[in-house]
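Notes to accompany the following structure.
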Amino acid sequence: VVTYSILIEATCEENGADQALKLLDEMMTRGCSPNVVTYNILINGFCKEGKLDEAAKLLKDLPSIGCQPNVITHNILLQGLCNAGRWEDAQKLLSDMAEAGCSPSVATYNILIHYLCQIGRLEQAIGVLKEMVVRGCTPDATSYNPIIHLFCKEGRLDRAMECLDQMISKGCLPTIVTYNTLLTTLCRDGKVDQAIHVLHRLGHQGCHPVLITYNTMIKGLTKKGNTRQALELLDGMMERGLTPD
RNA sequence: ACCUCAUAUG
């Protein structure tokens with residue numbers, strides 16, 4: 001079943017999910033039973049092609065085929081619906097999920113937060129963040145990053161920095177993406193000194209600057225006319241084994 | 001073997 005599932009995934013990517021269904025038939029003919037992973041792969045294939053109704057139908061039919069959908073099955077469809085902006089259908093899926101006794105995972109909430117932030121619904125996104133905690137899911141950096149990004153986009157750098165402090169105080173480790181988001185905004189706003197300060201501190205949270213980090217900082221410094229310090233950073237990045245582009 | 005992939009520079 002693993003062999004066939006891998007092949008079905010590759011077929012989805014190269015020839016589409018409809019073609020992959022033929023391979024599903026073949027595996028069953030040969031006496032090999034697909035499992036939930038096999039079906040998840042197919043549902044994901046349909047979603048990636050925008051064939052959401054096909055994906056939804058397959059999910060709905062699973063129990064009668066003798067396969068119980070799991071949280072990943074639902075997350076896959078949820079992501080597809082969000083990408084298509086079908087928020088109502090996404091809500092419906094969440095309630096179906098609850099009804100089926102399938103508990104949301106961190107990824108479930110992250111998909112929702114990311115979507116809400118993309119469409120600028122900051123308050124709703126924060127609502128989901130709070131709800132996941134109540135429901136026993138611990139937010140991770142993927143939960144916080146889109147919210148920080150939206151704060152930055154809306155010119156609320158203060159709230160973004162607050163959010164960073166909050167995640168750290170709750171024991172959630174920021175990633176370099178978190179810092180790149182903040183550094184970009186600091187540099188754009190001309191607050192390069194503060195950016196430098198943050199750059200020097202991100203190592204304390206287990207993060208390491210990457211190429212994007214340096215390009216952002218160097219841009220910020222040169223914009224301020226501080227070419228000397230920009231050149232120092234160039235040396236610094238090469239010392240760390242990073243190749244300038 | 002399956003779901004989140006988010007951040008720049010130009």
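Note on naming: letters A, B, ... go to the chains in the order of the sequence lines (proteins, then strands), and numbering restarts at 1 for each one. Just so you know, these numbers use all the heavy atoms, side chains as well, and skip hydrogens, waters and symmetry mates.
The side chain of A/N110 has B/U4 as its nearest neighbour among B/U4, B/C2, B/A8. If you check B/C3, B/A8, B/A1 against the side chain of A/N215, the one that comes closest is B/A8. Looking at the side chain of A/Q79, the nearest of the listed nucleotides B/U9, B/A1, B/U4 is B/U4. Among the nucleotides B/A6, B/A8, B/A1, the one closest to the side chain of A/R188 is B/A8. Nearest to the side chain of A/V177, among B/U7, B/C3, B/A1, sits B/U7. Considering only side-chain atoms of A/T181, the nucleotide from B/U4, B/U7, B/C2 that sits closest is B/U7.
Look at CD1 on A/I176: it is 9 Å from C1' on B/U7, rounded to the nearest Å. For the pair A/I113 CD1 and B/U4 P, the computed distance is 15 Å after rounding to whole Å. Atom CG in A/L94 sits roughly 14 Å away from atom C1' in B/C3 (whole-Å rounding). Summarising the geometry, the separation between CG on A/L7 and C1' on B/A1 is reported as 10 Å, rounded to the nearest angstrom. Protein atom NZ of A/K223 is 12 Å distant from nucleotide atom C1' of B/A8, rounded to whole Å. The distance between atom CD1 of A/I212 and atom P of B/A8, rounded to the nearest whole Å, is 8 Å. Atom pair A/L211:CG and B/A8:P shows a separation of 14 Å (rounding to whole Å applied). Following rounding to the nearest Å, A/H114 (NE2) and B/C3 (P) show an atom-to-atom distance of 16 Å.
No hydrogens or angles were tested; on distance alone, nothing pairs the side chain of A/D245 with the base of B/A8 as donor and acceptor under 3.5 Å.
A salt bridge links A/K57 with A/D61: the closest approach of a Lys/Arg side-chain nitrogen to an acidic carboxylate oxygen falls below 4.0 angstrom. Using a cut-off of 4.0 Å between Lys/Arg side-chain N and Asp/Glu carboxylate O, A/R240 and A/D235 are scored as not salt-bridged. The pair A/E131-A/R135 meets the salt-bridge criterion, with a side-chain N (NZ, NE, NH1 or NH2) lying under 4.0 Å from an Asp/Glu carboxylate O.
As judged by a 4.0 angstrom heavy-atom cut-off over every strand, A/T184 is placed among residues touching the sugar-phosphate backbone only. Across all strands shown, A/N83 has no heavy atoms under 4.0 Å from either base or sugar-phosphate atoms.
Near-neighbour residues of RNA chain B inside residues 135-155 of chain A, defined by a heavy atom below 4.0 Å, number-ordered: A/T142, A/N145, A/H149.
Smallest separation of non-hydrogen atoms from A/Y115 and A/C82: CE1-O, 3.2 Å. Scanning all heavy atoms of the two residues, the minimum distance from A/P209 to A/I176 falls at CA-CD1, 3.8 Å. When all heavy atoms of A/E49 and A/C12 are compared, the pair lying nearest together is OE2-O, 4.3 Å.
Residues A/V192 and A/L183 are members of one and the same hydrophobic cluster, defined by side-chain heavy-atom contacts under 4.5 angstrom among Ile, Leu, Val, Met, Phe, Trp and Tyr.
Checked by atom type, the side-chain pair A/T108/A/S105 shows a donor-acceptor distance below 3.5 Å.
For the pair A/Q118 and B/A6, the criterion of a side-chain N or O lying under 4.0 Å from OP1 or OP2 is not met. For A/H74, no side-chain nitrogen or oxygen approaches OP1 or OP2 of B/C3 to under 4.0 Å.
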